[in-house]
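Please read these numbers as outputs of a predicted model, since none were measured by experiment. Basis for what follows: all heavy atoms, side chains included, without hydrogens, waters or symmetry-related copies. Per chain, numbering begins at 1; letters A, B, ... match sequence-line order.
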2 protein chains.
Amino acid sequence: MRAAVEAFAERGFHATTTRDIASRAGMSPAALYIHYRTKEELLYRISLVGHERSVRILTEAAEGPGGPVERLTAAVTSFVRWHAERHTTARVVQYELSALAEEHLAEISALRRRTGEIMRGILAEGVAAGQFEIPHIRSTARAILSLCIDVSRWFDPSGPDGPDVLAARYAALVLRMAGAGGGAEAGGAPAGTVTGSSG
Amino acid sequence: MRAAVEAFAERGFHATTTRDIASRAGMSPAALYIHYRTKEELLYRISLVGHERSVRILTEAAEGPGGPVERLTAAVTSFVRWHAERHTTARVVQYELSALAEEHLAEISALRRRTGEIMRGILAEGVAAGQFEIPHIRSTARAILSLCIDVSRWFDPSGPDGPDVLAARYAALVLRMAGAGGGAEAGGAPAGTVTGSSG
DNA sequence: GTCTATATGGAGATAGAC
DNA sequence: GTCTATCTCCATATAGAC
């Protein structure tokens, strides 16, 4: 499975051969079929684990300590960090959906809808508490998730910023998108500044 | 070429067969090879045209009328609109880079670097003019472009929001990311509100 | 559970007539 | 510039010994 993740991430699902996966795993091509019935099932397993992880990350943030600001910060921080640290896996999880069989895609799509719901929940909570100012929750939630997901497309581990730095910067950007920061410190305050306590 | 764009967008480059492209174009498979030497060259042409268009869109916005706020708004609006309206093409342009031959990828990469430079220029101009407040220009520019590009991945023409509505919402989000809006109207003002005149 | 060997199908690309 | 017919290669997946 690790070999398949690497190969799919490098070349894409369709450009990857079962021979490539097998040789990375130190096996013969035939040995793969003991563990997975088809190449697509291998992709499905990878995709399922990754999507379950995404839902878990966001759920833990959404139910975590603190108020909406802390929860949104936690959600973006850990979601971005995962997409950066595990950009290889994430790339397969996020960009190879069209290669899934129909019934597998349906199952995965349900998990993806769940991530949208969780993000909208965090934003709505913040608006209700008067801590966010968001003209259109649905679009904003989608934009935030889009921003996080796309990290896996361009992230380069040899680049200047590591996952933690990137995650912090993105969390600050997202707080701005959500109109957080109260009415007092706008414009002048550093984007990293966060109101509220706890952690 | 239009047939190839459609096929690549639907299935991905590697999953698309030359027979599929040919039949969409109402040709025999052999006829393709009169116009393009290989399937990869077809992708390269599509990618090149798309990237040149991206650079042109951003350049026109960056050199357009008004100040930094108007220019950033114009850049995001037209860039997002293109990724939504032409999401089929954009998907191929943005997500099939790994299928390009080495020398073609090098040429395309130069154009992609150019888009980053243009966006950083707009942001730097705004910071210098005191109209943007941006802790880290490079990351912010990359995030803004990432946000726009990723539109082509998820955009659904049958969804509730058309390209124009989406573009306007994204422009408003991006102004927030840039810390625009002066120091006066923070928190309370609708995200669509823009300071500055001209147009 | 792994191997070697292979069945089977379909891919990209070309030949040569028109 | 387009066609039909086809070459050649390599893909996924299986068979059967160990």
Side-chain angles (χ1 to χ4, degrees), chain A residues 1-50 88-89 91-108, chain B residues 1-50 88-89 91-108:
Chain A
M1 196 152 154
R2 276 197 301 272
V5 166
E6 283 175 25
F8 291 161
E10 272 179 32
R11 310 180 190 286
F13 176 78
H14 289 288
T16 297
T17 68
T18 51
R19 285 170 172 77
D20 184 11
I21 299 168
S23 84
R24 284 174 196 254
M27 290 175 175
S28 73
L32 289 184
Y33 291 85
I34 305 296
H35 307 281
Y36 304 93
R37 286 168 29 164
T38 64
K39 189 173 83 158
E40 189 273 341
E41 187 184 319
L42 201 37
L43 176 64
Y44 164 64
R45 295 279 179 202
I46 293 166
S47 194
L48 183 61
V49 170
T88 315
T89 302
R91 210 167 290 170
V92 177
V93 168
Q94 300 291 0
Y95 295 101
E96 298 289 352
L97 295 176
S98 69
L100 289 170
E102 202 172 351
E103 77 267 23
H104 291 157
L105 179 59
E107 186 181 349
I108 298 292
Chain B
M1 195 152 154
R2 277 197 298 273
V5 166
E6 285 175 24
F8 291 162
E10 272 179 32
R11 311 178 191 287
F13 176 79
H14 288 287
T16 298
T17 70
T18 52
R19 285 166 174 79
D20 183 11
I21 299 169
S23 85
R24 284 175 197 255
M27 291 176 174
S28 73
L32 288 184
Y33 291 86
I34 305 294
H35 308 280
Y36 303 94
R37 285 167 32 164
T38 64
K39 188 172 83 159
E40 189 273 340
E41 187 184 317
L42 202 38
L43 175 65
Y44 164 63
R45 295 280 180 200
I46 293 167
S47 194
L48 184 60
V49 170
T88 316
T89 302
R91 209 169 290 170
V92 177
V93 168
Q94 300 291 0
Y95 294 100
E96 296 289 352
L97 295 175
S98 70
L100 289 169
E102 203 173 351
E103 76 268 25
H104 291 158
L105 179 58
E107 189 182 347
I108 298 291

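- For the pair E96(B) (side chain) and F13(B) (backbone), a donor-acceptor distance under 3.5 Å is present.
- Using a 4.0 Å cut-off on heavy atoms, the residues of residues 11-21 of chain B that approach DNA chain D are R19(B), listed by number.
- Legend: residues meeting side chain to side chain donor-acceptor pair (under 3.5 Å) with S47(A), ordered by chain and number and at least two apart, are H51(A).
- Scanning residues 28-36 of chain A for heavy-atom distances under 4.0 Å to DNA chain C yields S28(A), A30(A), A31(A), I34(A), H35(A).
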Do any side-chain atoms of residues 97-107 of chain B form donor-acceptor pairs under 3.5 angstrom with protein atoms, and if so which ones, sequence neighbours left out?
{"unit_1": "H104(B)", "atom_1": "ND1", "unit_2": "E40(B)", "atom_2": "OE1", "d": "3.1"}
{"unit_1": "H104(B)", "atom_1": "ND1", "unit_2": "E40(B)", "atom_2": "OE2", "d": "2.8"}
{"unit_1": "E107(B)", "atom_1": "OE1", "unit_2": "Y44(B)", "atom_2": "OH", "d": "2.6"}
{"unit_1": "E107(B)", "atom_1": "OE2", "unit_2": "Y44(B)", "atom_2": "OH", "d": "3.2"}

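- Legend: salt bridge (Lys or Arg N to Asp or Glu O under 4.0 Å) pairs involving residues 26-35 of chain B, not counting sequence neighbours: none detected.
- Rounding to the nearest 0.5 Å places CG of L48(A) at 5.0 Å from CD1 of I108(A).
- Taking atom CE on M27(B) and atom P on dT4(D), their separation rounds to 13 Å, with Å as the unit.
- Contact detail for M1(A) and L42(A): the closest heavy-atom pair is CA-CD1, 4.2 Å.
- dA11(C) atom C1' lies 16 Å from atom CG of L42(B), rounded to whole Å.
- In this structure, the side chain of T18(B) does not engage the main chain of P29(B) through any donor-acceptor pair within 3.5 Å.
- For residues 16-37 of chain B, every residue pair satisfying the salt bridge (Lys or Arg N to Asp or Glu O under 4.0 Å) rule, not counting sequence neighbours, is listed here: E6(B)-R24(B), E10(B)-R24(B), R11(B)-D20(B), D20(B)-R24(B).
- For the pair E41(B) CD and dA13(C) P, the interatomic distance rounds to 10 Å; values are reported in whole Å.
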